[in-house]
2 protein chains.
Amino acid sequence: MYYINDKEYKCSVAVTLDIFNDRWKLAIIWHLLENEKRFKDLHENIAEITQKTLTIKLKELEEKNIINREVFPEVPPKVVYSLTPMGKKLKPVLKEMYYWGIKYVKEHGKVTDQSPCEAEACLKNGF
Amino acid sequence: MYYINDKEYKCSVAVTLDIFNDRWKLAIIWHLLENEKRFKDLHENIAEITQKTLTIKLKELEEKNIINREVFPEVPPKVVYSLTPMGKKLKPVLKEMYYWGIKYVKEHGKVTDQSPCEAEACLKNGF
DNA sequence: CGGTATCCTCTGAGATACTG
DNA sequence: CAGTATCTCAGAGGATACCG
């Protein structure tokens with residue numbers, strides 16, 4: 001049995017799934033794997049997410065010790081998000097999701113090789 | 001660019017995340033990795049899910065060609081769910097989630113080694 | 001720039017009862 | 001046993017406006 005703050009899990013996959021059971025957190029990690037990013041960069045890269053939701057998800061990830069939040073006392077303000085060691089350990093998970101996604105599209109979709117997203121190029125380069 | 005039914009994705013991770021963006025689908029896959037299972041077995045193993053939600057999620061997974069649904073014309077009825085080749089290819093993803101979960105609990109939780117869930121034991125045996 | 005504060009919508013999911 | 005059929009609701013997430 002596994003316990004986190006008195007919450008009980010039957011197996012470790014349940015722990016992982018419980019943390020990333022929403023639409024955005026893993027996408028954020030994916031973009032931060034490439035390198036640390038400012039709030040606005042994340043907002044631009046994850047096009048569909050709203051500012052409010054992004055703020056909430058970043059806070060949740062910070063509370064779970066998966067990302068770091070660094071504030072630069074400048075005007076205009078600058079806030080940089082980066083992965084903690086725990087966050088960086090998610091790389092293999094995302095990497096396998098990346099490979100699976102490619103296989104799935106090859107069987108059930110269509111690929112037009114144009115401009116892959118940064119993180120993708122990153123992975124291809126032996127990230 | 002990737003397209004699935006005219007829906008556009010910037011990278012393959014987005015494809016994967018879009019399919020598994022709810023609370024249950026990956027948990028279902030996780031249990032089916034061990035071996036094929038009947039509806040009631042899944043219902044018992046994934047304790048918190050309701051019958052209705054399980055039905056919906058199984059249908060979605062079947063539509064996406066990730067699981068097979070086999071009906072045995074018996075009384076009482078028997079329906080067996082199993083992974084398609086595409087579904088089986090999710091094993092590495094879940095495996096990495098499994099490893100990450102363990103690391104996370106070791107840092108932020110507590111482990112009491114009692115009875116790991118079947119699938120977990122399965123993985124430990126070199127699944 | 002990097003947020004809050006409101007207000008609002010929609011749907012994932014639960015509870016419960018019923019059926020072939 | 002393996003589902004449907006309703007009813008219900010919390011809360012995830014969006015839209016918009018404002019702030020230090």
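As the structure is a prediction and not an experimental result, all values here were calculated from the model. In the text below, chain A, chain B and the rest are named by the order of the sequence lines, each starting its count at 1.
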Determine all donor-acceptor pairs shorter than 3.5 Å in which one atom belongs to a side chain in residues 70-86 of chain B; sequence neighbours excluded.
from	atom 1	to	atom 2	distance (Å)
B:Y81	OH	B:R69	NE	3.2
B:T84	OG1	B:N65	O	2.8
B:T84	OG1	B:I66	O	3.2
B:T84	OG1	B:M86	N	3.3
B:T84	OG1	B:G87	N	3.1

Would you give me the side-chain donor-acceptor pairs under 3.5 Å for residues 42-51 of chain A, sequence neighbours excluded?
from	atom 1	to	atom 2	distance (Å)
A:N45	ND2	A:D41	O	3.1
A:T50	OG1	A:T53	N	3.3
A:T50	OG1	A:T53	OG1	2.9

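For DNA chain D, the span of nucleotides reached by chain A at under 4.0 Å from its heavy atoms goes, 5' to 3', from D:dG13 to D:dG20.
Annotation: side chain of A:F39 is in contact with side chain of A:T55 (closest heavy-atom distance under 4.5 Å). Under the 4.5 Å side-chain criterion, counting only non-hydrogen atoms from C-beta, A:Y99 is not in contact with A:Y104. Counting only heavy atoms from C-beta outward, the side chains of A:V105 and A:K110 never approach each other to under 4.5 Å. At a threshold of 4.5 Å between non-hydrogen side-chain atoms, the residues A:E96 and A:Y98 do not count as touching.
Within residues 64-74 of chain B, the residues approached by DNA chain D to less than 4.0 Å at the level of any non-hydrogen atom are B:R69, in residue-number order.
Salt bridge status for A:K7 with A:D18: present, with a side-chain N to carboxylate O gap under 4.0 Å. Of the charged side-chain nitrogens involved, at least one lies within less than 4.0 Å of a carboxylate oxygen, so that B:E60 and B:K57 count as a salt-bridged pair.
Residue A:K40 contributes atom NZ, which lies 9 Å from atom C1' of C:dC1 at whole-angstrom precision.
Relative to the axis of its first five pairs, the axis of the last five pairs of the helix from C:dC1-D:dG20 to C:dG20-D:dC1 sits at 60°, rounded to 10 degrees.
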(Q) Between B:I29 and B:L61, does the side chain to side chain contact (heavy atoms under 4.5 Å, CB included) criterion hold? Intermediate values first, please. (A) CA-CA 9 Å; B:I29 307 292; B:L61 286 168; 4.1 Å; yes

Q: Do nucleotides 5-20 of chain C as a string where each nucleotide becomes B, S or -: B if the base has a protein heavy atom under 4.0 Å, S if just the sugar-phosphate does, - if no protein is that close.
A: -B------BBB----B

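Looking at heavy-atom distances under 4.0 Å, B:K59 makes contact with sugar-phosphate atoms alone, never a base.
Interatomic distance, OG1 of A:T16 versus CG of A:N21, reported as 11.5 Å (0.5 Å rounding). Rounded to the nearest 0.5 angstrom, B:W30 CH2 and B:K95 NZ are separated by 9.5 Å. In this structure, B:S12 OG and B:Y2 OH are separated by 4.5 Å, a value rounded to the nearest 0.5 Å.
A pairwise comparison of heavy atoms in B:I19 and B:K25 identifies O-NZ, 2.7 Å as the closest pair.
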